[in-house]
Chemist: 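Have a look at the structure that comes next, please.
Residue numbering restarts at 1 for every chain, and letters A, B, ... go by the order of the sequence lines.
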Number of protein chains: 2
Amino acid sequence: MKISKKTDYALRALFTLVQQYSQGRPISIGQLARRNDVPKRFLERIMLEMKVKGWVTSVMGKQGGYVLAKSPEEITVGQVIRHFDGVLSPIGCVSVHQYERCNQEVACRFRRLFLEVRNHTTGLMDAATLARVNDGKPVQPEEVYSMDLIGGAGI
Amino acid sequence: MKISKKTDYALRALFTLVQQYSQGRPISIGQLARRNDVPKRFLERIMLEMKVKGWVTSVMGKQGGYVLAKSPEEITVGQVIRHFDGVLSPIGCVSVHQYERCNQEVACRFRRLFLEVRNHTTGLMDAATLARVNDGKPVQPEEVYSMDLIGGAGI
DNA sequence: CTATGTACGATTCGACAAGTCGTATATTAA
DNA sequence: TTAATATACGACTTGTCGAATCGTACATAG
């Protein structure tokens with residue numbers, strides 16, 4: 001159920017670019033890697049993918065680096081996850097873009113549950129533009145533990 | 001973001017056992033495998049794990065098989081996923097049981113988003129007892145496509 | 001012309017999902 | 001008591017994928 005490191009790293013880099021967006025000056029991979037604690041050569045691959053996607057552009061040569069290619073309102077976290085991790089759905093039989101047929105569907109009971117999870121998750125992820133997320137407050141440590149431990153469920 | 005086949009298969013088997021629960025007669029792995037379209041030898045492994053967990057019990061010998069060891073109200077889908085897939089959280093830094101520190105936390109913006117997803121997902125999963133899920137209606141094909149295609153987002 | 005960048009294919013490395021095999025052990029019906 | 005039908009369980013296979021590294025080519029500002 002976890003997102004990949006690649007997605008994680010991509011998002012870190014993107015948010016750094018968002019914060020740099022107003023200045024218009026490119027920021028090098030070396031900087032991006034150091035600031036976000038990401039292996040440089042690995043980030044290189046990731047930035048390349050994002051360039052192909054049209055989310056960032058690069059400036060070559062000395063003083064070069066990367067710049068956001070779209071405004072932060074036009075890129076959503078959902079798009080990023082779908083590109084790097086493939087699917088948002090918890091199970092293939094409730095996926096729209098990567099639907100996998102399952103011959104148990106007619107009688108399947110737990111499918112509805114996963115469908116609800118999928119709907120809520122995609123709703124949040126697709127509404128989460130870089131701009132909107134960047135304007136939010138960071139999470140406080142207590143918040144991570146707040147809800148679940150009461151029910152005893154956790155994770 | 002997807003659950004594993006193991007979890008999928010485990011749930012299929014569990015719901016079959018739920019439906020058999022009133023009769024009290026064990027059902028063999030062969031039957032379970034055939035009814036749910038799961039490789040028999042693989043299901044064997046899975047049932048064994050669930051036995052250790054205390055969710056099912058086995059009766060050896062001829063006429064033997066598996067029976068639900070608890071009432072369907074006492075087992076949740078959340079428990080099953082956590083056991084086979086490890087975590088429900090989309091990212092380590094918002095997990096209670098498998099928290100992973102990340103030195104970006106103070107400034108991290110997208111953490112809140114994943115926290116919200118986690119809270120909603122665990123809420124649904126932990127409220128989903130086998131009994132409750134089994135009483136629900138199967139999903140209609142249209143429902144899978146209902147929400148997302150309107151927004152153009154999908155998956 | 002060199003220091004500092006990105007571009008990009010090839011490759012490694014380990015972990016894990018998914019599944020198979022062989023054989024031991026238990027129980028019951030004939 | 002034995003054949004048939006079960007589970008028990010460790011060992012093994014196989015393929016895929018995440019995560020990352022390497023080498024080298026190319027671009028450009030100063």
Side-chain angles (χ1 to χ4, degrees), chain A residues 1-13 17 25-34 36-53 55-69 80-81 83-87 90-92 98 100 102, chain B residues 1-13 17 25-34 36-53 55-69 80-81 83-87 90-92 98 100 102:
Chain A
M1 303 284 285
K2 281 171 75 173
I3 61 165
S4 65
K5 291 276 179 205
K6 232 171 170 177
T7 303
D8 186 354
Y9 294 162
L11 288 172
R12 293 186 196 188
L17 292 186
R25 288 231 312 281
I27 177 170
S28 76
I29 281 195
Q31 290 265 322
L32 281 173
R34 225 171 309 118
N36 295 295
D37 196 35
V38 176
K40 192 185 161 197
R41 299 302 298 267
F42 193 35
L43 185 58
E44 204 178 86
R45 313 298 329 276
I46 295 168
M47 297 312 291
L48 222 47
E49 280 189 64
M50 294 208 281
K51 189 186 171 188
V52 172
K53 266 283 167 183
W55 296 331
V56 301
T57 46
S58 64
V59 181
M60 286 198 90
K62 205 170 174 178
Q63 310 292 344
Y66 282 91
V67 191
L68 214 57
V80 178
I81 299 183
H83 174 252
F84 287 106
D85 284 357
V87 206
I91 196 166
Q98 299 203 15
E100 293 169 29
C102 164
Chain B
M1 304 284 284
K2 280 172 76 173
I3 61 165
S4 64
K5 291 277 179 203
K6 233 171 168 176
T7 302
D8 187 353
Y9 294 161
L11 289 173
R12 292 185 196 188
L17 292 186
R25 289 230 312 282
I27 178 170
S28 75
I29 281 195
Q31 291 264 322
L32 280 173
R34 226 171 308 120
N36 295 295
D37 197 33
V38 177
K40 192 186 158 195
R41 300 299 300 262
F42 193 34
L43 185 57
E44 205 177 87
R45 316 290 332 273
I46 295 169
M47 297 311 291
L48 222 48
E49 279 189 65
M50 295 210 279
K51 189 186 171 185
V52 172
K53 267 284 169 181
W55 296 331
V56 300
T57 46
S58 64
V59 180
M60 285 195 90
K62 205 171 175 179
Q63 310 290 347
Y66 282 92
V67 191
L68 216 58
V80 178
I81 298 183
H83 175 254
F84 287 106
D85 284 357
V87 206
I91 196 166
Q98 299 203 17
E100 292 167 31
C102 164

Chemist: Taking only residues two or more places apart in sequence or in another chain, which ones pass side chain to side chain donor-acceptor pair (under 3.5 Å) with S58(B)?
Modeler: K51(B)

Chemist: Mind listing the N/O atom pairs, protein and nucleotides 3-6 of chain D, below 3.5 Å?
Modeler:
{"from": "dA6(D)", "atom 1": "O4'", "to": "G61(B)", "atom 2": "O", "distance (Å)": "3.1"}

Chemist: Below 4.5 Å, heavy atoms only, C-beta onward: do V80(B) and K53(B) meet side chain to side chain?
Modeler: no

Chemist: Taking for each residue the nucleotide of DNA chain D bearing the nearest heavy atom, is the 5' side occupied by Y9(A) or by G30(B)?
Modeler: G30(B)

Chemist: Any heavy-atom pair between the side chains of I29(A) and Y66(A) that's under 4.5 Å?
Modeler: yes

Chemist: Separation of L43(A) atom CG from dC8(C) atom C1', in whole Å?
Modeler: 15 Å

Chemist: Tell me whether the OP1 or OP2 atom of dA8(D) has a side-chain N or O from Y66(B) closer than 4.0 Å.
Modeler: yes

Chemist: If the condition is side chain to side chain donor-acceptor pair (under 3.5 Å), which residues does E44(B) pass it with, not counting sequence neighbours?
Modeler: none

Chemist: Mind calculating the distance between NZ (K5(A)) and P (dA15(C)) to the nearest angstrom?
Modeler: 15 Å

Chemist: Run the side chain to side chain donor-acceptor pair (under 3.5 Å) test against E100(A) and tell me which residues pass, sequence neighbours left out.
Modeler: K2(B)

Chemist: Given side chains that start at C-beta, do those of I91(A) and T7(B) come closer than 4.5 Å, heavy atoms only?
Modeler: no

Chemist: To the nearest Å, give me how far apart CG (L48(B)) and P (dA18(C)) are.
Modeler: 18 Å

Chemist: Can you tell me the distance, in whole Å, between the CE atom of M47(A) and the P atom of dG5(C)?
Modeler: 15 Å

Chemist: Using only side-chain N and O atoms of K6(B), determine if any of them is under 4.0 Å from OP1 or OP2 of dA18(C).
Modeler: no

Chemist: Could you tell me the separation between the CE atom of M50(B) and the CZ atom of R45(B), rounded to the nearest 0.5 Å?
Modeler: 13.0 Å

Chemist: Of E44(A) and S4(A), whose nearest nucleotide on DNA chain D comes first from the 5' end?
Modeler: S4(A)

Chemist: dG10(D) P sits how many Å from I46(B) CD1, rounded?
Modeler: 16 Å

Chemist: For nucleotides 11-14 of chain D, print each protein N/O atom paired with a nucleotide N/O atom at under 3.5 Å, atom names and distance only.
Modeler:
{"from": "dA11(D)", "atom 1": "N6", "to": "R45(B)", "atom 2": "NH1", "distance (Å)": "3.3"}

Chemist: Figure out the CD/P separation between E100(B) and dA19(D), and round it to whole Å.
Modeler: 11 Å

Chemist: How would you label the contact of F84(B) with the nucleic acid (heavy atoms, under 4.0 Å): base, sugar-phosphate, or nothing?
Modeler: nothing

Chemist: If I take atom NZ in residue K40(B) and atom P in nucleotide dA18(C), what distance separates them, rounded to the nearest angstrom?
Modeler: 21 Å

Chemist: What integer distance in Å separates F42(A):CZ from dG18(D):P?
Modeler: 9 Å

Chemist: Tell me, please, which residues at least two apart from K6(A) pass side chain to side chain donor-acceptor pair (under 3.5 Å).
Modeler: E49(A)

Chemist: Classify the angle between the aromatic ring planes of W55(B) and F84(B) as parallel (below 30°), tilted (30 to 60°) or perpendicular (above 60°).
Modeler: tilted

